[in-house]
There are 4 protein chains.
Amino acid sequence: MASHRPVTLRKEPSQRRSKDLVDIIVKATTRVLLKEGYEGCTTNRVAEVAGVSIGSVYQYFPNKESLVVRVMERHQEKLFAAMSEHLATLQDATLEQAAKTLVRAMLDAHRVEPRLHRVLREQVPRIGALKALHERYSAYEPMVTAWLETHRDQLGPSEPGVATWVLIAAVDGVLGRVLVDRPGWLEQEQLAQELERLIVAYLRGARA
Amino acid sequence: MASHRPVTLRKEPSQRRSKDLVDIIVKATTRVLLKEGYEGCTTNRVAEVAGVSIGSVYQYFPNKESLVVRVMERHQEKLFAAMSEHLATLQDATLEQAAKTLVRAMLDAHRVEPRLHRVLREQVPRIGALKALHERYSAYEPMVTAWLETHRDQLGPSEPGVATWVLIAAVDGVLGRVLVDRPGWLEQEQLAQELERLIVAYLRGARA
Amino acid sequence: MASHRPVTLRKEPSQRRSKDLVDIIVKATTRVLLKEGYEGCTTNRVAEVAGVSIGSVYQYFPNKESLVVRVMERHQEKLFAAMSEHLATLQDATLEQAAKTLVRAMLDAHRVEPRLHRVLREQVPRIGALKALHERYSAYEPMVTAWLETHRDQLGPSEPGVATWVLIAAVDGVLGRVLVDRPGWLEQEQLAQELERLIVAYLRGARA
Amino acid sequence: MASHRPVTLRKEPSQRRSKDLVDIIVKATTRVLLKEGYEGCTTNRVAEVAGVSIGSVYQYFPNKESLVVRVMERHQEKLFAAMSEHLATLQDATLEQAAKTLVRAMLDAHRVEPRLHRVLREQVPRIGALKALHERYSAYEPMVTAWLETHRDQLGPSEPGVATWVLIAAVDGVLGRVLVDRPGWLEQEQLAQELERLIVAYLRGARA
DNA sequence: GATGAATGAGTTTTCATTCAT
DNA sequence: CATGAATGAAAACTCATTCAT
């Protein structure tokens with residue numbers, strides 16, 4: 001189904017000039033992705049927007065997918081940076097503070113480049129890519145799990161690993177849907193509060 | 001970006017023979033979607049798999065998208081049927097029972113044809129379609145909201161409308177992620193329990 | 001180049017009902033030709049507009065071209081009728097009267113259904129058909145030639161046969177161009193006068 | 001009816017190689033147009049005859065029509081060149097000389113590539129194209145009008161502008177018909193004489 | 001005869017990718 | 001290294017025509 005093709009750079013750009021080149025191409029890909037969507041994101045168009053010859057694109061990127069993957073990676077890095085700042089303060093937080101922190105972190109992540117985020121989520125149809133997105137996106141899971149483990153006494157019956165996974169999937173699911181169906185809500189305090197409540201309640205655990 | 005093309009049938013199949021034809025074509029589309037993904041789902045391939053001439057496909061379907069939309073609609077109908085059975089019992093349920101019901105309903109929906117569900121979620125990149133999917137998918141929201149409204153006293157501070165939206169987005173988000181990253185979990189009791197706990201806790205509401 | 005396919009009716013419609021049918025189809029073809037042009041004039045569209053099944057169309061017309069040819073023939077008949085009335089009075093006319101008559105005749109012919117006339121001239125690309133158009137269109141040439149032969153003494157040096165041909169081609173050329181480039185002129189007296197002058201002058205003949 | 005699609009080149013061929021390419025394609029289009037007519041002139045056939053990949057055709061030509069338009073333009077240029085030579089001598093001509101010049105000019109134009117000329121006239125059914133053809137074709141009208149204006153005293157009652165238009169339409173009509181119905185006449189001196197007579201007579205003006 | 005569902009060869013056009021310059 | 005002309009497989013879609021009912 002998903003034929004597996006290479007998505008890594010053909011060669012690491014070593015010199016200054018080639019680094020710039022790769023950068024320009026990735027930025028152009030982003031721009032095209034935003035303006036024309038995934039379907040409209042043709043390699044020739046990217047080259048044109050980058051002001052670079054199509055040959056130069058293929059010098060570094062083995063195929064079209066690798067371009068998009070690279071855009072995703074860049075985006076992830078930014079997300080991760082945005083979240084890390086928040087999550088660094090997690091360790092000594094109370095449950096309420098932790099929830100607040102996590103929500104702010106994920107909201108901030110979604111605010112980095114919401115339109116790009118949305119395009120990447122919706123329009124990038126390749127399975128492999130989507131999975132990769134999830135994996136990298138969850139690179140901070142361990143931080144959350146760690147916190148849960150050191151606060152197990154205050155928590156309900158869920159396993160820290162599972163709870164982390166469920167929590168992040170849930171919050172991310174809500175945010176993803178907000179992005180598509182209710183973009184305005186991203187800036188509303190009420191959304192943050194609902195999500196905090198969701199987290200606190202779930203973690204504190206209501207025994208049935 | 002998302003050029004809007006018609007997605008309704010060219011003409012309603014009236015005779016027996018044409019109804020069968022449309023049915024065969026939709027089934028073939030499903031099969032191709034499953035085996036080759038959205039990108040591999042070409043009109044010619046669909047015709048071939050359906051054992052029907054390409055012209056016959058275009059007799060009823062104005063374009064490729066309309067094929068996929070039709071598959072989605074069929075799937076929705078099945079989902080909705082699967083959920084409705086469960087949700088019919090909602091009205092007099094306690095909070096715990098309601099949570100259980102909702103989770104079973106959504107789990108069942110995801111079990112109807114999980115691989116198709118996944119492909120439709122992941123591989124159908126067209127915005128319009130995705131939104132339509134959400135809308136139809138949420139046709140049962142009112143039932144949940146209704147329940148919430150009649151049990152407001154047992155609930156936390158969230159508005160019923162908002163709570164429904166958040167809840168469904170959250171559970172759906174988790175299930176969607178399960179589908180992609182942990183397909184095995186669909187059959188595990190633990191997942192259901194976590195989700196029930198999530199729902200009950202959120203609704204009962206933990207005041208900070 | 002122009003593959004020669006049959007353009008005559010499959011069978012003469014004998015019964016009243018079939019005559020009506022053929023008539024309806026031809027009228028529908030005309031309508032489609034006018035509204036959508038030659039390219040948009042598909043057999044299925046014609047059948048639809050005629051409110052008749054496509055099978056019925058092929059019952060009488062062996063192929064698409066034959067439809068258009070039939071429209072042309074009908075149009076010719078009308079033209080011819082329109083002209084004949086005028087030309088019947090030709091025999092005893094003076095040169096000036098004859099010119100006037102000829103011009104009125106051809107103008108009237110072009111006024112019968114100018115838009116259809118134009119479409120037939122411009123949009124019907126088939127050589128065979130065009131030639132047939134010319135031939136039938138010139139069915140009245142003999143009348144003109146006859147007049148010329150009985151008034152040879154008043155005329156310049158041109159051969160009656162050649163003069164007729166040239167004259168008709170010239171006037172028709174002007175009118176065809178008027179139809180395309182200056183449709184408004186069709187109703188202007190000045191055009192008629194210019195053409196009369198052209199005819200009289202040419203026939204009276206200016207010896208160099 | 002006449003959907004308006006772009007007919008200009010996608011990009012100007014700059015390098016030697018691409019200029020040749022465009023040239024080869026246009027020539028191939030001409031050849032196909034001549035051999036198979038407009039209907040048979042498919043882009044794939046053109047590419048094949050040009051010995052070029054279909055992709056290369058679409059590199060420069062946005063669609064099929066633009067190919068034909070380009071052929072027309074080339075033809076016009078040749079016509080115009082052929083006529084200009086003759087018409088350059090018009091200014092000091094007597095009426096008889098002017099008529100001769102005009103006829104020679106138009107005859108020469110029709111002799112440049114009579115079969116192509118005929119195909120372009122007959123087989124190019126698109127309205128826009130036909131009008132454009134007329135306009136470009138009449139680029140020399142002003143020269144004729146200018147001559148008429150400086151020789152008004154020798155002329156009959158017609159307005160120079162109108163007279164030019166009528167004259168050219170008439171002669172062109174005759175020649176067009178010759179092309180289709182009597183191709184042999186193109187080389188006959190008698191045709192030229194008739195046309196000269198037509199022109200002189202009309203311009204000198206026979207008052208009714 | 002009439003119907004209209006079904007056909008499928010044939011069109012236009014795109015776009016990832018290569019490779020000669 | 002960079003260029004961008006050239007490639008061509010493959011996609012979406014049309015429409016004249018047939019033929020089973």
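Only a predicted model underlies this, so the values are computations on that prediction, with no experimental measurement involved. Residue numbering restarts at 1 for every chain, and letters A, B, ... go by the order of the sequence lines.
Under 4.0 angstrom from either OP1 or OP2 of F/dA6 there lies no side-chain N or O belonging to D/Ser53. One finds no side-chain N or O of B/Arg45 lying less than 4.0 angstrom from the OP1 or OP2 phosphate oxygen of F/dA12. Listed pair C/Ser56 / E/dA2 fails the phosphate criterion, with no side-chain N or O lying under 4.0 Å from OP1 or OP2. Within the 4.0 Å cut-off from OP1 or OP2 of F/dG4, not a single side-chain nitrogen or oxygen of D/Lys11 is found. B/Thr43 has no side-chain polar atom (N or O) that falls below the 4.0 Å cut-off from OP1 or OP2 of F/dC13. Within the structure, a side-chain polar atom (N or O) of B/Arg10 is placed less than 4.0 Å from OP1 or OP2 of F/dT14. D/Tyr58 has no side-chain polar atom (N or O) that falls below the 4.0 Å cut-off from OP1 or OP2 of E/dT14.
Between the side chain of D/Arg10 and the backbone N or O of D/Tyr58 there is at least one donor-acceptor pair closer than 3.5 Å. At least one donor-acceptor pair closer than 3.5 Å links the side chain of C/Thr29 to the backbone N or O of C/Ile25.
For the pair A/Val26/A/Glu73, no side-chain contact is recorded, criterion being any heavy-atom separation below 4.5 Å from C-beta on.
Per the geometry, CD belonging to B/Glu48 stands 13 Å off P belonging to E/dG8, to the nearest Å. Spacing between atom CD of D/Gln59 and atom P of E/dT18 amounts to 16 Å, rounded to whole angstrom units. Counting to the nearest Å, the P atom of F/dA12 and the CD atom of A/Glu39 are 11 Å from each other. Rounded to whole Å, the distance from CD on C/Glu36 to C1' on F/dC15 is 14 Å. Rounded to a whole Å, the NZ atom of A/Lys19 is 13 Å from the P atom of F/dC1. Look at CD on B/Glu12: it is 16 Å from C1' on E/dA5, rounded to the nearest Å. Rounded to a whole Å, the CG atom of D/Leu21 is 15 Å from the C1' atom of E/dA20.
Taking the side chain of C/Ile54 as heavy atoms from C-beta on, and the options E/dA6, F/dA6, E/dG4, the nearest nucleotide is E/dG4. Distances from the side chain of A/Thr42 to the nucleotides E/dT14, E/dA16, E/dT13 place E/dA16 closest. Closest to the side chain of C/Asn63, out of F/dC13, F/dT17, E/dT13, is F/dT17.
For D/Glu77 and D/Arg74, the salt-bridge test fails: no basic side-chain N is under 4.0 Å from an acidic carboxylate O. Using a 4.0 Å cut-off between charged side-chain N and carboxylate O, B/Asp23 and B/Lys19 make no salt bridge.
With rounding to the nearest 0.5 Å, the separation of OG1 in A/Thr30 from CZ in A/Arg115 is 12.0 Å. The line from OG1 of B/Thr8 to OH of B/Tyr60 is 14.5 Å long, rounded to the nearest 0.5 Å.
Place B/Lys64 and A/Tyr60 on DNA chain F by their nearest nucleotides, and A/Tyr60 ends up nearer the 5' end. Between D/Pro62 and C/Asn44, the residue whose closest nucleotide on DNA chain E is further toward the 5' end is C/Asn44. Two residues, D/Val57 and B/Gly40, neighbour DNA chain F, and the one matched to the more 5' nucleotide by heavy-atom proximity is D/Val57.
Across all strands shown, C/Phe61 has no heavy atoms under 4.0 Å from either base or sugar-phosphate atoms.
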Pair pattern of DNA chain F in dot-bracket, where unpaired bases get dots and | marks partners in another strand, Watson-Crick or G-U under 3.5 angstrom: .||||||||||||||||||||
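In this structure, C/Lys64 satisfies the cation-pi test against C/Tyr38, with its NZ or CZ atom closer than 6.0 Å to the six-membered ring centre and inside 45 degrees of the ring normal.
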